[in-house]
Amino acid sequence: LIGSRAFSSLISLILRGRRGRDLAMLIVAGIGVTGFALQQIFARTIGALGLDGAVLTHPLSNVAWLLPPVAAQRIAVDAAAGNWTGAVTMAAVAAAWLAALVVGWHRLILRLTTTPEAPSLTNPRRNGTNLASSPLWSTPLVIARKELRFYLRDPRERMVWTGAVIFLGVVGASVVVGTATVSLLRSSVWLPLLGPLVVLFIGLPVALNQFGWERNAASFLFALPVRPGQLIVGKNLATATALLTETALLSLLLTWVANAWTVLPFVFPLALTGAAIQLAVGNLVSVVAPLRLPNVGTDIFAQSSEQGCLSVGAQVVSFFLMAALMALPVSAFALTVSFGQALSPWIAIGFSLAWGAIIYSVGTGLSVAVLKRRLPEIVAMVQTI
C-alpha cells in the first residue's frame, strides 16, 4: 500500500513540471510496455513448465533482500522451519524497506505540498558556443531539432505520435484473451513486418500537413534565412526520426511475440522505404493543400472549419497512393520471406531502398518547386489570425 502511494506521488510530482508533462505519454507507454513484456514472460514460462514448475525453477527466495513482499514471505517460511536467524534477518530487511518507502513517500508529499509550481521566468544563456554553430548542425538539422521539440510540447502532436501505444494496448489485451485469430497471428512470420505499416499509418496527420502545424508561427518560419529545400528536408528528418524510432520499438516487440527473428533485418529497409514514400507524398500534399489547425491551448479534439471534405479526401487519396507505391517493395519482400527466398534478400533490400530514394527525390523536388511559388499563400492558409 505504501509503495503504491509513493509511486503515485512520484508520478504526480513528475507531472507538475513542464518537462514532466512533455514526457507523460512516454511514461505511460513505458509502464504499458513493461507490463506487457512481464505478462508475456510469465505466460510463456508457466505455459512451458506449469505453475508449480515455474515456481520451483525460478525461486525468488534468493533475491528476497531486493523484494519486500518476498522478504515478508520468508519470515513465515523460515520461522516455520525453525530457522530463527533467517526469520529475524528477513524481518530486518522488510522493516528497512518499509522505513525507506515511508521516508521516501514523506519527502514526496512534503515536496508536493510545500513547493510551488512556478516555471522559471529566466533563461540564462549557457557558456560556450551555440549548438547551432557546430559544424555537425547544418540548417536542416536545426529545423529537425526544432520540430522534435515541438512534437513533445504540442498536445496534439503528442497524441498523434503516441497512437502506437493504443495499438500496443490492443495487442496486449488480445494476447491476454488468447483468441484463435491472435494465436495464428502470433505464429506468423509476417507479424514483425506489420510494425512499419502501423507506424506509417499513425504518422499520416503530421506527414500530410507539415506546415499546418506551424499555425501563426509560419510567418516567422518562412522569414528565416532558410531555403525551401532545407526547410522541407529538416521537417522530413524530424518526421522520419519519430517514425523510425516507433517502428524499431514496435517491431522488436512484435518480433519477440512472434519469435520471428529471421525477418527482423527486413524491417528497417521496409520502414525506411515506407517513410520515404510517405514523406514524398506528404510533402506534395503539404504544399498543395495545407490545412489550418486550431490554436494551441484549445481542446485537442477540436477541429477548424476548414477540416472537412478536403482533409478527408487528401488523406484517403494520399493513403491509396502510398499503398500503390509500396506495392513493389512489399512484393519483393514477400518473394523473399514467403516463397522460399525466390528473390535474394540483398536484391529485395537494395531494390526497396533504391525505389524509396527515387520516389522521395521526385516528390521532394516537386514540393520544393511548388513551395517557392506558394510561400505567401501557405502562410495565409495555415495562420489562425
Side-chain angles (χ1 to χ4, degrees), residues 138-148 150-151 157 160-161 196 199-244 271-293 306-307 310-329 352-383:
S138 61
T139 302
L141 292 180
V142 174
I143 297 295
R145 179 178 174 228
K146 186 271 296 182
E147 290 292 314
L148 290 174
F150 191 59
Y151 291 166
E157 297 224 45
V160 170
W161 289 118
V199 174
L200 290 176
F201 183 77
I202 291 172
L204 278 177
V206 175
L208 297 180
N209 194 25
Q210 298 185 49
F211 298 107
W213 293 95
E214 297 290 341
R215 302 181 181 90
N216 295 328
S219 57
F220 173 77
L221 179 67
F222 290 133
L224 295 175
V226 181
R227 295 194 295 271
Q230 294 176 327
L231 184 60
I232 290 179
V233 171
K235 284 180 169 290
N236 290 170
L237 286 175
T239 307
T241 299
L243 289 173
L244 295 178
L272 201 58
T273 302
I277 291 175
Q278 184 185 64
L279 292 173
V281 177
N283 291 338
L284 283 173
V285 175
S286 298
V287 297
V288 172
L291 298 174
R292 181 180 297 146
L293 295 176
E306 289 81 359
Q307 291 183 328
L310 180 61
S311 174
V312 176
Q315 295 211 12
V316 170
V317 173
S318 303
F319 180 77
F320 281 104
L321 178 59
M322 287 185 286
L325 293 174
M326 283 291 294
L328 288 178
S352 176
L353 295 177
W355 178 259
I358 293 172
I359 298 299
Y360 180 76
S361 300
V362 173
T364 304
L366 294 174
S367 303
V368 171
V370 174
L371 182 60
K372 289 179 180 179
R373 296 175 176 269
R374 301 197 67 206
L375 281 177
E377 298 177 46
I378 293 176
V379 172
M381 286 180 178
V382 301
Q383 282 188 322

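For the single chain, residues carry numbers from 1 onward in sequence order.
- To the nearest 0.5 Å, atom CG of residue Leu231 and atom CG of residue Leu221 are 4.5 Å apart.
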Set out, in order, the CA-CA distance, both residues' side-chain angles and the distance that settles side-chain contact (heavy atoms from CB on, under 4.5 Å) for Val281 and Phe319, then state yes or no. CA-CA 9 Å; Val281 177; Phe319 180 77; over 6 Å; no
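- Of all heavy-atom pairs spanning Pro228 and Val368, the tightest one is CB-CG1, 4.3 Å.
- Ser352 places no side-chain N or O within donor-acceptor distance of the main-chain N or O of Thr273, the cut-off being under 3.5 Å.
- No donor-acceptor pair under 3.5 Å is formed between the side chain of Trp355 and the backbone N or O of Ile277.
- Rounded to the nearest 0.5 angstrom, Arg373 CZ and Leu375 CG are separated by 12.0 Å.
- The nearest pair of heavy atoms linking Val287 to Arg374 is O-NH1, 2.7 Å.
- Gln278 CD to Leu321 CG: the interatomic distance, rounded to the nearest 0.5 Å, is 11.5 Å.
- In this structure a side-chain-to-backbone donor-acceptor pair under 3.5 Å is present from Trp213 to Pro205.
- The shortest heavy-atom contact between Ala238 and Glu147 is CB-CB, 3.3 Å.
- Nearest heavy-atom pair across Leu284 and Ser367 is N-OG, 3.2 Å.
- A donor-acceptor distance shorter than 3.5 angstrom exists from the side chain of Ser286 to the backbone of Gln210, with no hydrogens or angles considered.
- Here the side chains of Val142 and Val226 are not in contact, with every heavy-atom distance at 4.5 Å or above.
- Distance check: Leu371 CG to Arg227 CZ gives 13.0 Å after rounding to the nearest 0.5 Å.
- Looking only at distances, no side-chain donor or acceptor of Thr364 sits under 3.5 Å from a matching main-chain atom of Ala280.
- Shown here for Tyr151 and Lys235, the closest heavy-atom pair between the two residues is OH-O, 4.3 Å.
- The distance from atom CD1 of Ile143 to atom CG of Asn236, rounded to the nearest 0.5 Å, is 12.0 Å.
- Between Met326 and Gly274, the shortest heavy-atom distance links the atoms SD-CA, 3.6 Å.
- Separation of atoms OG1 (Thr239) and CD1 (Ile232) is listed at 11.5 Å; rounding is to 0.5 Å.
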